[in-house]
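Data block below; observations after.
Heads up: numbering here begins at 1 and tracks the sequence.
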Amino acid sequence: MTLPSHADIVIVGGGVAGCSVAYHLAQLGKTNVLLLEQGKLTSGTTWHAAGLVGQMRPNRTMTAMSRYGIELYASLEAETGLATGWKPCGSVNVARTPERMKVLKKQAAMANSFGVECHLISPNEAGERYPLMRTDDLQGAIWLPGDGKANPADLCMSLAKGARNRGVKMVEGVEVTGVITRNGVVQGVRTAQGEVRCDVLVNCAGQWARQFGRLAGVNVPLYSAEHFYIVTGKIPGVHPMLPVMRDPDGYIYYKEEVGGLVMGGFEPKAKPWKMDPIPSTFQFELLGEDWDQFEILMTHALHRTPCLETAEIKMLLNGPESFTPDGNFILGEAPELRNYFVCAGFNSAGIANSGGAGRLMAEWIVGGEPATDLWDVDIRRFGAFTGNRKALAERTGETLGLHYAMRWPRQELETARPLRTSPLYDLLATQGAEFGSKNGWERANYFRPAGQARPPHTLGAPGWLPWVIDEQRATREAVALYDQTSFSKLLLQGRDALAVLQRLCANEMDMPVDRMVYTAMLNERGGFESDLTVIRLAPDRFHLITGSAQAVRDFDWISRHIGAHEHAVLTDVSALTCVLSLMGPKARELLARVSPDDLSPASLGFSWTREIDLGFARVRAARMSYVGGPGFELYVPVEMTRHVYLALQQAGADLGLREAGYYALDALRIEQGRRAWGAELGPDETPWEAGLGYAVKLDKPAGFIGKAALRASQGQPLRKKLVTLVFGSPEAYAWGGEAIVLDGQTVGEISSAGWSPLAQACVALGYVRGEGAGRPHAGTPAQIELWGASVPVRLYDQWPPRP
């Protein structure tokens with residue numbers, strides 16, 4: 001086929017993701033679409049994928065995406081006439097340990113909340129559904145009858161035919177060698193067969209997506225690992241509707257194929273495929289066998305399914321698959337280049353998720369923004385530093401294994417660390433800081449007392465809890481110092497800076513110089529694109545402080561809304577300023593010892609800031625507290641931060657000054673009902689639902705994005721409502737994600753949880769949906785499902801009660 005000179009949309013990559021995007025674009029009426037594949041359709045990783053299709057994902061949105069994919073696969077053959085190999089055989093997931101069984105019970109409760117049919121079953125019942133399996137060492141299992149399997153190549157071809165039937169052009173044997181851009185916008189692609197101009201480019205290049213992205217300066221952080229499964233000959237008792245079986249404690253999975261078994265898995269320490277760049281000629285190819293790497297999987301499989309001892313092993317397949325730094329896939333418009341979209345990095349789950357992901361991508365391309373909250377998979381969660389190939393290789397060796405490894409609450413990734421550090425990193429480490437990582441930043445989670453070892457992971461109350469409670473008490477009763485340098489910090493300046501902020505922010509931004517205001521940035525649906533704090537430094541200069549993970553996302557959102565005619569410059573200044581938060585009733589007394597400036601409430605009111613002397617340094621002090629109660633945030637030049645820290649330490653010793661970490665900070669903000677973006681706030685939550693109407697000024701003279709949607713929904717019944725949950729027993733310890741049960745019905749999930757010294761129990765935040773969102777809560781009895789047990793809680797619209 002001769003290449004056209006122009007297409008509205010060009011898709012690069014003819015695997016299942018590319019074909020799904022093409023199919024769904026055509027469904028939305030976009031038919032002037034050209035898909036280019038460097039080899040043949042399916043010739044990359046799609047052809048050797050295992051084809052397992054499960055419904056459950058970690059959150060509601062992603063689960064809905066996977067469920068849509070199953071509906072699509074079940075109906076596609078009737079539309080296109082091409083089989084997909086879809087079989088709704090169900091899946092059995094088994095647990096060897098009591099801890100794993102608790103995790104499966106939590107998954108079952110989440111499935112019920114998400115509308116997925118899921119049953120807890122005994123080891124004997126698991127054996128009845130999967131007779132090949134040894135069950136004498138199992139704790140139990142879950143049964144998901146709506147899960148299944150598909151034939152990857154057939155599925156891809158059926159999607160391709162569905163797209164072609166609606167007018168999409170697909171050309172094989174065309175390698176895209178360059179991207180044409182102008183003024184930061186995609187203009188077309190270059191190939192050996194000529195140029196094709198386009199308005200939109202979609203990178204669906206699979207494991208080639210990173211190196212293809214680099215051609216246009218776009219960061220797509222993924223890296224390939226060698227990935228294995230065996231294929232057996234026919235085995236008695238194996239039939240086409242034999243369920244998929246997963247034994248995550250053994251790192252293995254099974255599915256039926258032609259009367260035999262496909263058995264593969266995710267070994268704890270993976271083997272990165274150190275091929276860079278990956279040749280474009282790597283088509284329908286495999287890597288060499290590596291039985292040493294596969295040994296741990298084979299050993300566990302022989303134990304779980306003894307029939308493998310005598311089964312014919314036809315082959316050990318070693319096909320490279322790409323993995324991302326956090327194990328989630330990558331969707332969305334690249335922040336570096338307008339109209340350049342990415343749909344890649346499926347972490348060996350592309351068959352299960354490409355159907356739904358293709359629909360979401362098509363809706364994003366056509367609608368101009370995501371139709372739902374996609375933050376967990378949004379490409380803007382990654383900073384440019386994540387493209388480092390050494391770091392990607394090391395992280396891939398870890399993240400592949402985490403697919404089936406026992407994931408403990410608040411378990412941190414370990415590879416490619418430390419990377420981004422505050423000037424206090426070494427000083428905090430000597431004080432016993434245990435660090436976590438957020439967007440590459442090392443942050444103190446808590447501080448170990450001298451002589452204490454790091455506690456082991458647990459599903460119950462953690463070993464570090466007494467130390468964190470001490471940090472919380474210091475914050476409430478004396479004074480605590482938090483290093484929050486990882487805050488993302490943006491500077492917006494220029495003649496039209498105020499006009500830009502007024503259009504983007506729901507609060508009134510025309511405030512006095514030195515004033516600080518908390519505001520929402522909303523999308524057209526009225527949902528949170530971000531929440532941030534803004535300090536007005538000068539009439540035309542604003543300092544924006546936002547979450548550690550949101551630097552790229554917020555920079556992209558703001559910059560794309562600066563008009564070509566507007567004089568406003570946005571700069572990421574995160575690395576120029578540290579933030580030290582001094583929280584507690586003795587915070588002002590401590591500052592008075594190191595600063596001659598008047599910091600009394602009469603002189604520095606709440607939400608006001610001022611440049612002050614502190615020791616030998618000049619810093620900006622802001623009177624505010626994320627955890628509630630008295631406190632100050634100190635914005636300190638990086639080069640002066642060690643001096644300021646040491647000055648505070650020396651002056652505060654007799655005041656009970658204590659260093660504190662993010663676990664204490666998180667628990668205290670939950671206790672005070674402070675929302676966090678990515679937990680309580682996101683693109684699907686409105687200020688009315690989140691109880692943040694005070695951060696919205698519908699009557700401000702300037703219009704703002706989302707104002708019309710908020711006006712339309714004001715006073716209407718809420719779809720969901722954020723509540724505080726106070727646990728009735730100090731013995732119950734929650735981590736987040738637990739299902740909320742009200743009047744016998746599952747109505748939502750916990751978004752954040754932490755221990756509250758005030759309640760002497762856990763306190764959590766979460767959304768209730770349906771009828772429960774429309775009535776007041778001032779101690780409403782409810783339950784949560786905690787590792788399979790029903791635990792009483794009380795629901796409050798406001799807690800602790802205000803006088």
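- Atom CZ of Arg775 is surrounded by more than 12 heavy atoms from other residues, nucleotides or ligands within 6.0 Å.
- With respect to the salt-bridge test (charged N to carboxylate O, under 4.0 angstrom), the residues Lys255 and Glu257 qualify.
- Here salt bridge (Lys or Arg N to Asp or Glu O under 4.0 Å) pairs that include residues 144-155, with residues two or more places apart or in two chains, are Lys149-Glu256.
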I'd like to know whether Glu77 forms a side-chain contact (heavy atoms from CB on, under 4.5 Å) with Leu82, so could you lay out the CA-CA distance, the side-chain angles of the two residues, the decisive distance to 0.1 Å, and finally the verdict. CA-CA 5 Å; Glu77 182 176 354; Leu82 293 183; over 6 Å; no
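- To the nearest 0.5 Å, atoms CG (Leu76) and OG1 (Thr80) are separated by 4.5 Å.
- A heavy-atom distance below 4.5 Å is found between the side chains of Thr135 and Leu138.
- Arg96 pairs with exactly one of Asp247, Asp137, Asp249 by the side chain to side chain donor-acceptor pair (under 3.5 Å) rule, that one being Asp247.
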Stepwise side-chain hydrogen bond (donor to acceptor under 3.5 Å, both in side chains) test for Glu226 and Asn318: CA-CA 6 Å; Glu226 300 187 28; Asn318 179 2; 2.8 Å; yes
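- Counting heavy atoms from C-beta on, the side chains of Asn353 and Arg57 come closer than 4.5 Å.
- Side chains of Glu321 and Gln207: no donor on one and acceptor on the other come within 3.5 Å.
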Check against side-chain contact (heavy atoms from CB on, under 4.5 Å), Arg794 and Thr780: CA-CA 5 Å; Arg794 290 194 175 271; Thr780 306; over 6 Å; no
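- For the pair Arg129 and Glu125, the salt-bridge criterion is not met [side-chain N within less than 4.0 Å of a carboxylate O].
- Put simply, the side chain of Ser322 never gets that close to the backbone of Ser224: no donor and acceptor are under 3.5 Å apart.
- Between Trp755 and Val763, every side-chain heavy-atom pair lies at or beyond the 4.5 Å cut-off.
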Are Lys314 and Glu312 close enough, and set up right, to give a salt bridge (Lys or Arg N to Asp or Glu O under 4.0 Å), and what steps lead you there? CA-CA 6 Å; Lys314 288 187 172 181; Glu312 174 196 6; 5.5 Å; no
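- Counted within 6.0 Å of CD on Glu79, heavy atoms from surrounding residues, nucleotides or ligands total more than 12; the atom is thus considered enclosed.
- The closest side-chain heavy-atom distance from Glu414 to Glu394 is not below 4.5 Å.
- Side-chain contact annotation: Thr61 with Asp373, donor-acceptor N/O pair under 3.5 Å absent.
- Residues satisfying the ring-ring contact (aromatic ring centres under 6.0 Å, His included) criterion with Tyr663, sequence neighbours excluded, are Tyr446, Trp464.
- Rounded to the nearest 0.5 Å, atoms CD (Gln411) and CG (Leu402) are 6.5 Å apart.
- Here the OH atom belonging to Tyr130 is positioned 11.5 Å from the CZ atom belonging to Arg304, to the nearest 0.5 angstrom.
- Among residues two or more places apart in sequence or in another chain, the ring-ring contact (aromatic ring centres under 6.0 Å, His included) test is passed with Phe294 by Trp291.
- Judged by distance alone, the side chain of Asp290 and the main-chain N or O of Gln293 form a donor-acceptor pair under 3.5 Å.
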Check the pair Met315, Leu286 against side-chain contact (heavy atoms from CB on, under 4.5 Å), reporting the backbone distance first and the verdict last. CA-CA 11 Å; Met315 69 178 301; Leu286 297 171; 3.9 Å; yes
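- Applying the ring-ring contact (aromatic ring centres under 6.0 Å, His included) criterion to Trp787, with sequence neighbours excluded, gives no partner residue.
- Legend: residues meeting side chain to side chain donor-acceptor pair (under 3.5 Å) with Lys87, ordered by chain and number and at least two apart, are absent.
- A salt bridge is absent between Glu785 and Lys106: the closest approach of a Lys/Arg side-chain nitrogen to an acidic carboxylate oxygen does not fall below 4.0 angstrom.
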Decide side-chain hydrogen bond (donor to acceptor under 3.5 Å, both in side chains) for Glu398 and Thr415; before the verdict, give the C-alpha distance in whole Å, the side-chain angles of both, and the deciding distance to 0.1 Å. CA-CA 7 Å; Glu398 180 181 16; Thr415 50; 2.5 Å; yes
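- Using a 4.0 Å cut-off between a side-chain N of Lys or Arg and a carboxylate O of Asp or Glu, Arg395 and Asp326 do not qualify as a salt bridge.
- In this structure, the side chain of Arg719 does not engage the main chain of Gly770 through any donor-acceptor pair within 3.5 Å.
- Within the 4.5 Å cutoff, no side-chain heavy atoms of Leu331 are placed close to those of Val342.
- In this structure Phe266 satisfies the ring-ring contact (aromatic ring centres under 6.0 Å, His included) test together with His227, His403, Tyr404, sequence neighbours excluded.
- Note that Arg359 lies in the cation-pi zone of Tyr68, set by a 6.0 Å cut-off to the ring centre and a 45° limit from the axis.
- Without hydrogens or angle criteria, Tyr251 side chain to Gly264 main chain gives no donor-acceptor distance under 3.5 Å.
- Two residues are said to be in side-chain contact when any heavy atoms from C-beta on lie closer than 4.5 Å; His119 and Ile142 fail this criterion.
- For the residue pair Thr305 and Tyr254, a side-chain donor N or O sits within less than 3.5 Å of a side-chain acceptor on the partner.
- Between Ala150 and Thr84 the shortest heavy-atom distance is CB-O, 3.7 Å.
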Using the side-chain hydrogen bond (donor to acceptor under 3.5 Å, both in side chains) rule, take Glu749 and Ser113 through it: C-alpha gap first, then chi angles, then the decisive distance, then the call. CA-CA 8 Å; Glu749 308 83 47; Ser113 182; 2.3 Å; yes
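- Once rounded to the nearest 0.5 Å, the distance linking CZ of Phe346 with CD1 of Ile351 reads 9.5 Å.
- For the pair Trp735 (side chain) and Leu459 (backbone), a donor-acceptor distance under 3.5 Å is present.
- Side-chain atoms of Gln55 and Ile70, non-hydrogen and from C-beta on, do get closer than 4.5 Å to each other.
- Shown are Lys720, Arg769, Lys721; of these, the salt bridge (charged side-chain N to carboxylate O under 4.0 Å, His left out) with Glu685 is made only by Lys720.
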Please determine whether side-chain contact (heavy atoms from CB on, under 4.5 Å) holds for the pair Cys19 and Val21, giving the CA-CA distance in whole Å, both sets of side-chain angles, and the decisive distance to 0.1 Å. CA-CA 5 Å; Cys19 290; Val21 172; over 6 Å; no
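- Within a 6.0 Å sphere centred on CD of Gln745, heavy atoms belonging to other residues, nucleotides or ligands number 12 at most.
- Of the possible polar contacts, none joining the Thr324 side chain to the Leu222 backbone as a donor-acceptor pair under 3.5 Å is found.
- In this structure, Tyr229 contributes its side chain and His48 its backbone to a donor-acceptor pair below 3.5 Å.
- Between Trp677 and Trp375 there is a side-chain heavy-atom pair separated by less than 4.5 Å.
- Put simply, CE on Met298 and CD on Glu295 are 10.5 Å apart, with the number rounded to the nearest 0.5 Å.
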Could you please spell out the steps behind the side-chain hydrogen bond (donor to acceptor under 3.5 Å, both in side chains) verdict for Glu680 and Ser752? CA-CA 8 Å; Glu680 289 73 46; Ser752 302; 2.6 Å; yes
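- To the nearest 0.5 Å, the span separating CG on Asn347 from CG on Leu400 amounts to 8.5 Å.
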